[in-house]
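Comments concern the structure below.
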Amino acid sequence: MTGWASFHQDARTQAPVIEAMTATLAPRGPDAGGVWLGEHAAIGHRRLAVIDLAGGAQPMTDRPDAPATVLTYSGEVYNHHELRAEFRGRGHEFRTRSDTEVVLRAYAEWGEAVADHLDGMFAFAVWDERASRLLLVRDRLGVKPLFWAHVDGCLAFASEPKALFAHPEIRPRVDADGLREAYSLLFNTGPTIWSGVREVEPGGLLVLNRDGIRERHYWQLEAGPHTDDQEKTVARVHTLVGTAARSQLEADVPLCSLLSGGIDSTVLLADELRTRENPDARIRSYAVDYSDQAEQFTGDVLRTGHDTPYATEAGAFIGTDHSTVVLNPLVLLDPEHRKAVVVARDSPIGVGDMDTSLYLLFGQIRKHSTVALSGEAADEVFGGYPWFRNPKALAAPTFPWLLVTGDEAAMPLHPELDLRIGEFRDDTYRDALAAVPHLDGETPAEHRQREMQHLSLTRWLRQLLHRKDRLSMAQGLEVRVPYCDHRLVQYAFATPWALKSFDGREKSLLRAAGTGLAPHSVLHRPKNHYPATHHPDYNRGLQDLARDALADETVRSLADETLVKPCLDTASDQLQWGHRLRLERVVDLALWLDHHQPDLAL
């Protein structure tokens with residue numbers, strides 16, 4: 001979705017602009033597109049048809065003859081059937097079966113308070129002609145993206161920055177603040193790498209009218225009291241996970257699931273399948289692997305074992321039609337694949353081969369399915385990361401993931417830029433802790449654990465959702481994330497750490513709630529991150545790509561060659577994960593500069 005509102009120009013004369021902005025989002029919406037033009041607003045939409053394939057066209061208006069309200073909407077509202085029944089009782093008539101029309105009617109009923117009544121992942125814009133008002137809304141966890149920029153009396157918005165840059169008054173410009181945001185790895189919400197471009201914050205909304213711009217949160221995490229004992233807490237988690245999973249099964253197109261062989265995706269999928277209307281219909285499940293992995297796998301700071309045997313066992317246990325997409329590591333070096341990933345992200349910051357392989361995995365899935373379910377966010381919700389239990393991380397006065405990624409994994413920026421990233425991190429960390437809600441009487445240990453979970457849910461999760469949305473939607477695939485159900489997230493956040501870790505391990509509550517839903521080997525498997533290739537030929541090819549990237553004068557002006565050189569000179573079979581990621585970011589920087597040709601104001 002994209003568009004703008006302005007009270008100083010006639011948008012009806014700007015059809016080529018809104019059409020160009022909308023066209024940039026065709027990969028996100030390959031099935032259809034449309035624009036709407038009014039005196040003070042232009043609205044565009046590209047559609048990935050999932051529910052009511054014939055009737056859910058957008059932009060959608062409340063009255064086809066003389067529209068007073070126009071909606072462009074991205075995502076899914078999972079309680080649209082309940083809302084539709086409620087609105088019919090209030091006299092509303094519906095033209096379609098789509099959840100889009102339910103959101104439109106919900107705005108008619110509740111106005112700015114519409115989001116309080118919606119369950120799901122969504123971002124949408126409503127132009128209200130009668131009130132001369134633009135409303136932008138984003139879901140509670142920020143699963144679906146929503147960017148905006150304010151220039152010359154015009155507020156433009158889009159699902160991705162690339163659509164904003166198709167507007168003639170918005171340039172892709174990066175200043176020192178943008179580089180700090182990108183390379184500090186703090187994952188702020190609101191600011192972006194692009195100067196003048198911001199995100200509507202998760203759980204937030206923005207209103208533009210003739211009085212100006214107003215932003216507020218309609219939802220935030222709260223530190224409420226928890227009165228359930230261990231048995232009731234496990235039962236409640238089981239219920240919440242199951243409800244979230246089952247609510248997200250609706251689609252008028254083929255639906256599948258990601259199944260890595262970890263506890264998160266296995267428990268989620270098993271719970272979904274137990275109550276399907278047609279339990280004999282096998283759902284497809286997918287994992288990714290590399291052709292060298294069985295022979296080349298070596299553990300590192302993020303991975304303890306090979307996924308494929310566990311994923312295969314989990315698929316057989318649950319009863320899915322399971323497939324493993326096996327990638328040749330050398331395919332991950334293809335410049336066209338890597339460029340497609342950088343274009344999808346609109347950012348030079350990613351995780352290299354893990355992004356490219358995820359993009360290719362989604363491309364293979366899209367051949368058979370349009371919707372995929374994912375176990376993303378379980379680690380943030382249930383305390384799955386090492387930093388929740390590592391004394392060094394708990395005691396460190398900084399964001400815990402920086403102790404894992406380290407500066408060696410960050411982009412080695414040129415010293416003459418003098419971005420003072422250390423000071424920026426310290427200031428941002430203080431602000432982040434100040435936003436954490438607490439209960440009176442918490443012990444210091446409980447106080448600290450609540451901080452760790454809040455940082456993980458509001459910051460670390462942000463970049464994982466960003467990655468999954470951009471790379472899946474670039475392939476025309478919708479990925480749903482049931483663990484981001486706000487009721488589940490809030491319940492777990494308010495649960496004391498002693499209950500989250502009652503068996504002395506990570507994700508105690510999820511493991512207990514998933515008893516019987518997964519093989520014992522999967523249920524008790526240590527945390528394992530998304531797989532990466534370990535092939536020396538990949539490392540060698542990556543070093544060659546980095547050398548080519550550093551031949552570019554602009555890349556050399558941004559990157560510290562003295563820090564990159566040791567990574568280039570290391571034997572390919574000895575290249576460590578952190579140093580390899582440094583090379584990945586040099587390569588991605590070159591691709592990003594070539595595609596966006598940003599104005600650098602440093």
With a 4.5 Å limit on heavy-atom distance, are the side chains of L255 and I283 in contact?
-> yes
Tell me yes or no: between the side chains of H80 and E250, is some donor less than 3.5 Å from an acceptor?
-> yes
Yes or no on side chain to side chain donor-acceptor pair (under 3.5 Å) for H92 and E109, after CA distance, side-chain angles and deciding distance?
-> CA-CA 10 Å; H92 286 268; E109 284 288 334; 2.7 Å; yes
Option among L269, L373, D321 that satisfies the side chain to side chain contact (heavy atoms under 4.5 Å, CB included) test with S285 | L269
Is a side-chain N or O of S6 found less than 3.5 angstrom from the main chain of H8, in a donor-acceptor match?
-> yes
For the pair Q463 (side chain) and W460 (backbone), establish whether a donor and an acceptor sit closer than 3.5 Å, ignoring hydrogens and angles.
-> yes
Check ion pair D128-R133 (N to O, under 4.0 angstrom) = yes
With no hydrogens and no angle check, do the side chains of T72 and H45 hold a donor and an acceptor under 3.5 Å apart?
-> yes
When rounded to the nearest 0.5 Å, the distance separating CE of M60 from CG of L104 is 7.0 Å
Shortest non-hydrogen contact between L221 and P437, atoms and distance = O-CG, 3.6 Å
Could you go through the side-chain contact (heavy atoms from CB on, under 4.5 Å) check for R282 and T320 one step at a time?
-> CA-CA 5 Å; R282 291 167 67 88; T320 68; 5.6 Å; no
D119 and R487, any side-chain heavy atoms less than 4.5 Å apart | yes
With L53 via side chain to side chain contact (heavy atoms under 4.5 Å, CB included) - residues at least two apart = A49, D252, V253
Is there a side-chain contact between V126 and V103, using heavy atoms and a 4.5 Å cut-off?
-> no
So, the side chain of S347 versus the backbone of I349: is there a donor-acceptor pair under 3.5 Å, distance only?
-> yes
Would you say the side chain of W4 lies within less than 4.5 Å of the side chain of V17, judging by non-hydrogen atoms?
-> yes
So do Y183 and P348 actually touch side chain to side chain, heavy atoms under 4.5 Å?
-> yes
Is it true that the NZ or CZ of R480 lies under 6.0 Å from the centre of Y78's six-membered ring and within 45 degrees of the ring axis?
-> no
Over all atoms of both residues, closest heavy-atom pair of R130 and A68 = NE-CB, 3.4 Å
Could you tell me the separation between the CG atom of L240 and the CD atom of Q490, rounded to the nearest 0.5 Å?
-> 11.0 Å
Sub-3.5 Å donor-acceptor pair from the side chain of E101 to the main-chain atoms of R95, do we have one?
-> yes
Atom of P482, atom of S374 and distance for their closest heavy-atom approach = CD-O, 3.4 Å
Validation row, ring centre W194 to ring centre F147 under 6.0 Å = no
Does any N or O in the side chain of D355 come within less than 3.5 Å of the main-chain N or O of V351, such that one atom is a donor and the other an acceptor?
-> yes
Could you go through the side-chain contact (heavy atoms from CB on, under 4.5 Å) check for M473 and K144 one step at a time?
-> CA-CA 10 Å; M473 293 298 285; K144 302 308 286 184; 4.0 Å; yes
Just list the side-chain donor-acceptor pairs under 3.5 Å for residues 589-602, sequence neighbours left out, or say none.
{"from": "H596", "atom 1": "NE2", "to": "D346", "atom 2": "OD1", "distance (Å)": "3.1"}
{"from": "D599", "atom 1": "OD1", "to": "R171", "atom 2": "NH2", "distance (Å)": "3.3"}
{"from": "D599", "atom 1": "OD2", "to": "R171", "atom 2": "NE", "distance (Å)": "3.3"}

Can we say E86 and R90 salt-bridge, meaning some charged N sits less than 4.0 Å from an Asp/Glu carboxylate O?
-> yes
Between R46 and P27, is there a donor-acceptor pair closer than 3.5 Å when you use the side chain of the first and the backbone of the second?
-> no
Closest approach of H368 to P254 (non-hydrogen atoms, all atoms of both residues) = O-CB, 3.3 Å
C484 and L465: CA distance, side-chain angles, deciding distance, side-chain contact (heavy atoms from CB on, under 4.5 Å) verdict | CA-CA 10 Å; C484 284; L465 294 175; 4.1 Å; yes
Are side-chain heavy atoms of R28 and P145 found at a separation under 4.5 Å?
-> yes
What orientation do Y483 and F382 show, parallel under 30°, tilted 30 to 60°, or perpendicular over 60°?
-> perpendicular
Thinking salt bridges, do E112 and R216 make one under a 4.0 Å N-O criterion?
-> yes
Using a 4.5 Å cut-off on heavy atoms from C-beta on, say whether the side chain of I213 contacts that of W148.
-> yes
Fit a plane to each ring of W127 and F7, take the angle between them on a 0 to 90° scale, and name the class: parallel (under 30°), tilted (30 to 60°) or perpendicular (over 60°).
-> tilted
Side chain proximity check, I43 to F157, heavy atoms < 4.5 angstrom | yes
Just how far is it from atom CZ of R284 to atom NE2 of H322, taken to the nearest 0.5 Å?
-> 12.0 Å
Is it true that a side-chain atom of D52 and a backbone atom of G55 form a donor plus acceptor pair closer than 3.5 Å?
-> yes
Can any side-chain N or O of R366 pair as donor or acceptor with the backbone N or O of G476 at less than 3.5 Å?
-> yes
Spacing of CD belonging to E169 relative to CG belonging to D152, to within rounding of 0.5 Å | 4.5 Å
Backbone N/O of V381 and side chain of Q453: donor-acceptor pair under 3.5 Å = yes
Where is the tightest heavy-atom contact between L361 and A287, given as atom of each residue plus distance?
-> CD1-O, 4.0 Å
Can D116 and W110 be said to form a side-chain contact (heavy atoms from CB on, under 4.5 Å), step by step?
-> CA-CA 9 Å; D116 295 330; W110 296 305; over 6 Å; no
Distance from R345 atom CZ to K162 atom NZ, nearest 0.5 Å?
-> 10.5 Å
Might you point out which heavy atoms bring R138 and P202 nearest each other, and give the distance in Å?
-> NH1-CD, 3.7 Å
Counterpart residues, ring-ring contact (aromatic ring centres under 6.0 Å, His included), relative to F493 (two or more places apart) = H454
Geometric class of the F187/W401 ring pair [parallel <30°, tilted 30-60°, perpendicular >60°] = tilted
Is there a donor-acceptor contact under 3.5 Å from the side chain of D175 to the main chain of S195?
-> no
Rounded to the nearest 0.5 Å, how far apart are CD of E376 and OH of Y530?
-> 11.0 Å
